[in-house]
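Remember, it's 1-based here, ligands and their atoms both numbered in the order they're listed.
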Amino acid sequence: MSGPSLRKQHSHHSIHDGIYTEARDLTTALKETFNKENNKYREEICDTLIEHWEKRTLAHAQSEEEGFFEEKMAENPDLLETIIRLKRDHQLLELIVKKIKQQIEKEGVTEDIIAYFEALLIVFDIHNEAEETSLF
Ligand SMILES: [Fe+2]
Ligand SMILES: [Fe+2]
């Protein structure tokens with residue numbers, strides 16, 4: 001997920017695409033558990049989804065911040081503002097994941113949690129588009 005694959009537009013886009021698709025499918029699966037009486041997989045799917053955002057998305061963001069963004073700035077110092085905004089997006093994703101965990105700790109996996117997972121998808125999508133168009 002790190003290294004040269006971040007530096008090529010096509011492979012970076014594929015990383016975003018893979019993460020987004022898996023998160024979207026898991027979110028849909030979680031939503032569906034609220035339509036069924038049998039919801040024995042709800043907690044499990046929710047845990048998998050949180051783990052997905054933490055292990056894939058936040059790890060991807062971290063690897064960008066640990067080298068890729070610096071390299072882009074060295075090539076073009078005008079990107080400073082853009083990179084500050086992109087880092088803020090990463091922070092928002094992290095904050096939403098934290099909120100989800102706090103909410104679940106308080107109330108368990110209720111239907112309200114879906115809005116947070118949908119917010120993650122939207123922020124991630126907007127962020128990726130900005131990243132792909134501004135850094136390549
Ligand atoms: Fe990013
Ligand atoms: Fe990225």
Side-chain angles (χ1 to χ4, degrees):
M1 260 225 289
S2 60
S5 52
L6 292 183
R7 289 162 188 91
K8 292 191 196 97
Q9 187 174 22
H10 180 72
S11 51
H12 199 136
H13 172 74
S14 299
I15 294 170
H16 289 165
D17 217 37
I19 296 173
Y20 181 90
T21 305
E22 198 175 329
R24 184 203 56 206
D25 292 350
L26 282 164
T27 304
T28 303
L30 182 63
K31 257 194 265 184
E32 282 169 359
T33 69
F34 290 97
N35 302 331
K36 290 175 190 156
E37 274 181 41
N38 183 356
N39 55 37
K40 61 181 177 169
Y41 298 117
R42 185 180 296 155
E43 269 75 25
E44 206 178 303
I45 294 169
C46 191
D47 284 348
T48 308
L49 193 47
I50 291 169
E51 197 183 321
H52 174 78
W53 282 109
E54 287 182 328
K55 296 250 165 81
R56 301 281 314 277
T57 318
L58 299 181
H60 174 72
Q62 197 185 344
S63 64
E64 288 172 341
E65 294 193 19
E66 279 169 359
F68 177 59
F69 285 178
E70 300 289 320
E71 282 169 31
K72 286 287 164 184
M73 277 252 290
E75 280 169 29
N76 179 6
D78 291 345
L79 287 172
L80 177 65
E81 285 285 317
T82 303
I83 286 173
I84 290 170
R85 282 197 296 271
L86 293 171
K87 283 185 174 177
R88 176 59 183 159
D89 296 342
H90 289 168
Q91 228 171 34
L92 275 174
L93 292 167
E94 202 178 333
L95 287 170
I96 299 169
V97 173
K98 255 189 210 155
K99 279 257 176 207
I100 289 172
K101 290 166 89 172
Q102 284 166 356
Q103 167 91 358
I104 290 171
E105 207 152 292
K106 269 195 286 174
E107 298 181 23
V109 184
T110 64
E111 207 162 357
D112 298 344
I113 214 71
I114 298 295
Y116 290 90
F117 283 118
E118 284 178 334
L120 281 174
L121 287 170
I122 293 167
V123 174
F124 189 59
D125 187 39
I126 291 170
H127 170 79
N128 293 342
E129 203 182 314
E131 204 170 84
E132 289 171 31
T133 53
S134 61
L135 299 187
F136 292 96

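Look at His90 and the Fe ion (ligand 1): an N/O/S atom of the residue is under 2.8 Å from the metal. At least one N/O/S atom of Glu64, from backbone or side chain, sits under 2.8 Å from the Fe ion (ligand 1).
The environment of Glu81 atom CD is sparse: at most 12 non-hydrogen atoms of other residues, nucleotides or ligands sit within 6.0 angstrom.
At the Fe ion (ligand 2), the vertex angle linking NE2 of His60 with NE2 of His12 is 90° (nearest 10 degrees).
His16 and His60 have perpendicular rings, their planes meeting at more than 60° on a 0 to 90° scale where under 30° would count as parallel. Between Phe124 and Trp53, the ring planes lie perpendicular to each other; the angle is over 60°, past the 30° to 60° tilted range.
Here the two rings, on His13 and Phe136, have centers that are 6.0 Å apart or farther.
For the Fe ion (ligand 2), the nearest N, O or S atom contributed by Glu131 is named OE1.
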